[in-house]
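Down below is the structure, laid out as structure tokens.
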Amino acid sequence: MRNRKMMLSVKHISKAFDSSQDVILKDISLEVPPAAYFVLLGASAMGKSVVLEIIAGLTAADSGTIILDDSDITNEEIQKRSVGLVFQDNTLFPHMTVFDNIAYALRCHGPGKSQIRERVSKLATDVGVTELLKRKPPTLSGGEAQRVSLARALAAEPKLLLLDEPISSLDVKARAQIRALLRKINARGQTIIHVTHDYTEAVSLATHIAILEDGAIAQTGSVDEIFRRPKSEFVAEFVGIRNFFRGHLNDTDAQGPHSKSFTTDGLCFAVLTEEAAGPGYVMIRSEDVTIASTASPAGQTSARNNFEGAITDIIPAGPGVEIVVDIGKGKSVEIAAMITAESVKKLDLTYGIRVGINFKASAVKFIEQ
Amino acid sequence: MRSLLNTKPQPLSLFFAALGGLVLLFIVAPLMNMFVNCSMPELAETIADNEVRSSIWLTLWTSMGATIFFSVAAVPFAYLLARKNFPLKRLVTSIVDLPMVIPHSAAGIALLAVLSRTAPLGKAAEKMGFSFVNSTAGIMAAMAFVSIPYLINSARDGFAAVPVRLEKAALNLGASPSRVFVSVSVPLAWRSILSGLILMWARGMSEFGAVLIIAYHPMVTPVLIYDRLDLSLKYARPVAVLFISVCLIFFVTLRFLAKQKNDAQR
């Protein structure tokens, strides 16, 4: 990993507010390979946006260096960085048409009128805004404005595209559309850093994730590594999901249009979802998983997911107790259930005993990838 | 505001409205009186008067010229005041407002001290073949001196209202700072800049004290009115009525055109 050429290397960046000396960022280092979709995940007001502003040159870091494609851009002027930034809120120029917004970067770099028209037309087709070229930004919906913002940023052909919570303020339908568009842009080889507080965005889009905690990087890794092996309590609490499985959503279940099955490591979960079949992750909150004594038959519950396994861990967790059960067949697949201490006592749960595990199909959240 | 209007008028509001009515009467009554007491034959005679016509024309174009000439420096300066913090900024802002608070005759004397033929600026002008004293250049300087705060303040408020993020977005797209200024900041602050330009122009046209001291001749209309008042109120009044009418027509037309342009921009 270290020897591979990186598109972006952020080294030991620190930043404090001028007035209060409150530290926003502490010794941040990031390595972003070419064509990566790098998601910087953190709770609100954790300085995530400041990282992007420093990379884009809108804010100066107190210390550290930024290397983009082998060039030190730490002190480079904003307009010469080749870094595109899409803000969370609409920053389209309200006095220009959509066409002129997209053409803005091209006009700065000086190609001829016909080339500009051609390029804008191609970008507009790519992001699906060809019908909107004559409109003014105040007349656009949130999703449309964000598409135009993406086209405008891409027009400059940046080496690195920075996205600051690009879909957080959109409605559910627009979110899904913009997510698909972002995946398409990344698939063409565009390196992207995407900042968000929403872990589902990270799971859905990222090839690499970094978690920001109190202005420092708490953990970096792949989606699997972050969600399966959170290195700190913060990461575990922040991603918040103990039961996290990668696999494939299938259309094969005949119980109804939204009832699908998800296969992972030799197991099959019933899932209630409107998402289309395909690869992805499922998440099940440990609060939604119930434990039954093997004496009570699984058929008597309305839950469609019923498994059996041995208890591998019993962890007191705040007000309740987390029971970890291995429900794997041949290969270990652990699932956690959060129950009360009274239930532990009532069911007489101890290490190694076999129990039933039940959860409803509606408790399984599928995130496409 | 709407809810206030919809509620039953309170005694206090009625009292304030009555006070407002008195203020309006104080402004409108003398003007109305002047218009009413000016007969049509008098007005027709004044319109036919070459001296009056050329004076009004001179006033219009010198004020317009002064506004355009000084806006080249005033608008970028207003941007600087809106966007940057620098040492002694408060002092600089106060200096900008100074012409609004000093007596305009005093402003004229102060200007004369630097623009007269014996002063350095005056000497430099002489070398270049013109003079500030008793010339259109002097009139324009006097008009600009007293009216430039209106443009700077209005443009500064306009620039301050332009979201910094839009300028940052433009920089991020590869635009140079000067391109950002021309293509983003100025168009978005245009309504305020235009309003400032109109105010500066109008204020320049109405200037009497400072212009009188720098340039009695050629006579701008406020000086001409004063000059004719020396003869009789009868001669001064129709000139005043005509000048006010012309100014109002220009002012209302420009405001209307500015509004149309801004509406079209939305």
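For the set Ala105(A), Ala56(A), Pro137(A), the count of heavy-atom pairs under 4.5 angstrom toward chain B peaks at Ala105(A).
Considering all non-hydrogen atoms of both residues, Cys108(A) and Gly174(B) come closest at CB-O, 3.8 Å. Smallest separation of non-hydrogen atoms from His95(A) and Leu188(B): ND1-CD2, 3.3 Å.
For chain B, the nearby part of Leu92(A) is the backbone; its heavy atoms alone come within less than 4.5 Å.
In terms of the side-chain hydrogen bond (donor to acceptor under 3.5 Å, both in side chains) criterion, residue partners of Ser206(B) (sequence neighbours excluded) are, by chain and number, Arg203(B). Residues that satisfy the ring-ring contact (aromatic ring centres under 6.0 Å, His included) test with Tyr104(A), not counting sequence neighbours, are Phe93(A).
Atom CZ of Arg90(B) has 12 or fewer neighbouring heavy atoms from other residues, nucleotides or ligands inside a 6.0 Å radius. No more than 12 heavy atoms of other residues, nucleotides or ligands sit less than 6.0 Å from atom CZ of Phe26(B). Counting non-hydrogen atoms of neighbouring residues, nucleotides and ligands closer than 6.0 angstrom, the CZ atom of Phe69(B) reaches no more than 12 such neighbours.
By a heavy-atom distance cut of under 4.5 Å, Arg165(B), Leu166(B) are the residues of residues 137-167 of chain B near chain A, going up by number. Interface with chain B: from residues 76-89 of chain A, residues Ile78(A), Gln79(A), Val83(A), Gly84(A), Leu85(A), Phe87(A), Asp89(A) qualify, criterion being any non-hydrogen pair under 4.5 Å.
To the nearest 0.5 angstrom, Met96(A) atom CE is 5.0 Å from Ser183(B) atom OG.
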